[in-house]
Amino acid sequence: MSIRYISTRGGVPQADFRTVLFAGLAPDGGLFVPDSWPSFTPDELRSLRGLSYPETVLAVMRPFVGDAMTEAELEGVIARAYAPFRHAATAPLRQLGPDLWLLELFHGPTFAFKDFAMQLLGGLFEHFLARSGETITIVGATSGDTGAAALAAFAGKRGVRIAILHPHGRVSDIQRRQMTTLMDANVLNLALEGTFDDCQAIVKAMLGDRALADELHLAAVNSINWVRIVAQTAYYIHAALRLGGPDRAPVFVVPTGNFGNVYAGWVATRMGLPIERLVVASNTNDILPVFFREGRYARSGVTPTLSPSMDIQVASNFERLLFELCDRDGDRLRELMAGFADEGTLSVGHNRLARAREGFGAAAVSEAETLAEIEDTLARTGEIVCPHTAVGLHVARRTQAPAGAPVIALATAHPAKFGDAVERAIGRAPVLPPALAGLVEGEERYDILGVDAAQVVERVRALAGG
Ligand SMILES: *Cc1c(COP(=O)(O)O)cnc(C)c1O
C-alpha cells in the first residue's frame, strides 16, 4: 500500500521512502517522484479544516511515508520539527487587502521558508540513522538561506555531520552569522574565495565521486530532495482550507528560484486541493516566465539582484513538471534534458505549453518594481516585506482572479534578513528581531579557503574523523 518512487528519467527501479529521503539525484540523473498521487476527496479536505499546522503536515505526509514509519513516530518527528517556530500559527495568514493575503513563512529558526522542509528533514534523518546506527556527512553549497536552514536543522543531531560551503563575502552578514556562530562539533563552515557556482561545483564533484561518497557516507539535502518538496505542500493545503477551501479555490503567487516551492503547490492540486492558479513570480532572471510565455526553456547568465535567493540560471525542480508534461514518459524527458544539456535550450510544443498554462501563470519583476513594491506595501499596509516577498506581491496585485477568489502571496523570508535592500527602498533597515540581533554579538567559526577541491575534501574528511 506504500507509495513507491520512480525517476523522471525512467532508469531506476522503484525506490522506497527512506531511499528517497537520503537521495539527492536519482542514480540515473533524474529526480524522484511518487509513482501515483494520494488524493483527498472534498469531504476529506473539509475534515482537515481547523487542524493545527503539525496535524495538517501529518495528514499530508502520511501517505508518502507509508509503512516506513509508524504514525506515532512520524507524529513525534513533526511535533519536534515545528516546535521551534516563533508564531503560534506556524504559518500565519495576514490580510493585506479585500482579497489579498500574505502567507508568512518566515517564523522558523532561520527566518526563511526553507525551515519548513529542513526542520522536518533534520528529524527524519535522525530517526532513520538512529535505527541503522549509521553516521553520514551532509555536504552542501549555499548562497545564504539554504545553508542556514540546513545547519539549524542538523547542528548537534546524532548520526550526522554537516559541512556547508558558501562564497566568501557574497552572503549577507546575517546569513553568514546564522551559519558561523553555531559551535556544535558536527558543524563545518567553509567560505570559498569564489562564487556560489564554484562552491556548488565542488559539492557536486564530491557527491559524484563514488569512492569518496562511500568513504565519508556523503549525503545531500539540496532543493531537489523529494521530502523537502512534500513538506512544503502542507502549507498550501493549510492556507487554502483556512480561506474556505476546498469550496473556494485560491490563487497562490510564489517568489520562485529553483521551482521547488511552487511545485509543492502543484503537488497539492494532485492531492485534490482546488487551486485557481499557481503564479510564478521571478526577478529579472526570467527563464521560467519566458517558458510559460513561449514554451522555450533557455539557459542564460545569472544577473545578481536584490532578491539573491531567486538568482538562478536553471530551475532544478522544473524537470518534475516537464516530466508530467511528457505524460511521465522517462525516455522522452531524457531526450529533452540531453538536448538542454548540450544546447542550453529546450522547447515544448503548443499542446504541452497550453497544458502548462492551465495550472500556472508567470511574470518577471524588475529591480525598480521590487523597490517600489516594498515602499508601496509599507505605505498601504504598514508591513515591511523582504525583497523576495515584494517580487511576489508586485505580481499578486496585478493578478486577475475570479471574483471572491483569495489571492495568497507567499512571504518567503523575514525583511531583517535583507536589511540593505529594504533600506534602499524605504530609507531605513527593518528592526532586527531579538534572535537575529543576538547573532551580531556571537563568536564566529569558519575557515576561508581558495577554490580548491582537494583542500575542501581534506577538511570534510577531518570533520568525518578520518
Ligand atoms: C529559496 C528561496 C526562494 C526560492 O524558492 P524555490 O523553491 O527555489 O523556488 C525564494 N525566496 C527566498 C527567501 C528563498 O530563500
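Atoms within a ligand are numbered from 1 in the order they appear, just like the ligands themselves. Just so you know, residue 1 is the first one in the sequence shown, and it goes up from there. A quick note: this is a predicted structure, and the numbers were derived from the prediction, not measured.
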| message | Taking the basic N atoms (NZ, or NE/NH1/NH2) and the acidic carboxylate oxygens, is any pair closer than 4.0 Å for Arg355 and Glu324? | response | no

| query | Hey, are Asp173 and Arg177 close enough for a salt bridge, meaning a charged N less than 4.0 Å from a carboxylate O? | reply | no

Could you list which atoms of ligand 1 come closer than 4.0 Å to a heavy atom of [X]?
X: Gly260; answer: 6 (P), 7 (O), 9 (O)
X: Thr256; answer: 9 (O)
X: Asn261; answer: 7 (O)
X: Ala413; answer: 13 (C)

| message | Could you go through Phe32 and Tyr5, starting from their C-alpha distance and side-chain angles, then the distance that decides it, and tell me whether this counts as ring-ring contact (aromatic ring centres under 6.0 Å, His included)? | response | CA-CA 6 Å; Phe32 282 116; Tyr5 295 87; 7.2 Å; no

How close does the nearest protein non-hydrogen atom get to [atom], and which residue and atom is it?
atom: atom 12 (C) of ligand 1; answer: Thr412 OG1, 3.5 Å
atom: atom 4 (C) of ligand 1; answer: Gly257 N, 3.5 Å
atom: atom 14 (C) of ligand 1; answer: Lys114 NZ, 2.9 Å

| query | So, Asp145 and Gln175: side-chain donor and acceptor under 3.5 Å apart, yes or no? | reply | yes

| With a 3.5 Å cut-off and no angle check, do the side chains of Asn258 and Asn317 form a donor-acceptor pair? | no

| Mode of Phe259 contact toward ligand 1 - side chain, backbone, both, neither (heavy atoms, under 4.0 Å) | backbone

| query | Applying a 4.0 Å heavy-atom criterion (strictly less than), which segment of Asp145 is in contact with ligand 1: side chain, backbone, both, or neither? | reply | side chain

Please output the side-chain donor-acceptor pairs of residues 419-433 that fall under 3.5 Å, not counting sequence neighbours, one pair per line with the distance.
none

| query | Counting heavy atoms only, which of Asn258, Val391, Ile312 is nearest atom 6 (P) of ligand 1? | reply | Asn258

| query | Hey, does Ser223 sit under 4.0 Å from ligand 1 if you only count heavy atoms? | reply | no

| What do you reckon, does Phe113 put a non-hydrogen atom under 4.0 Å from ligand 1? | yes

| message | Would you say that more than 12 heavy atoms from the other residues, nucleotides or ligands in this model lie under 6.0 Å from the NZ of Lys204, or not? | response | no

Side chains of residues 112-126: which donor-acceptor pairs under 3.5 Å do they make with residues two or more places apart or in other chains?
unit_1	atom_1	unit_2	atom_2	d
Asp115	OD1	Thr110	OG1	2.8
Asp115	OD2	Thr110	N	2.7
Asp115	OD2	Thr110	OG1	3.1
Asp115	OD2	Phe111	N	3.3

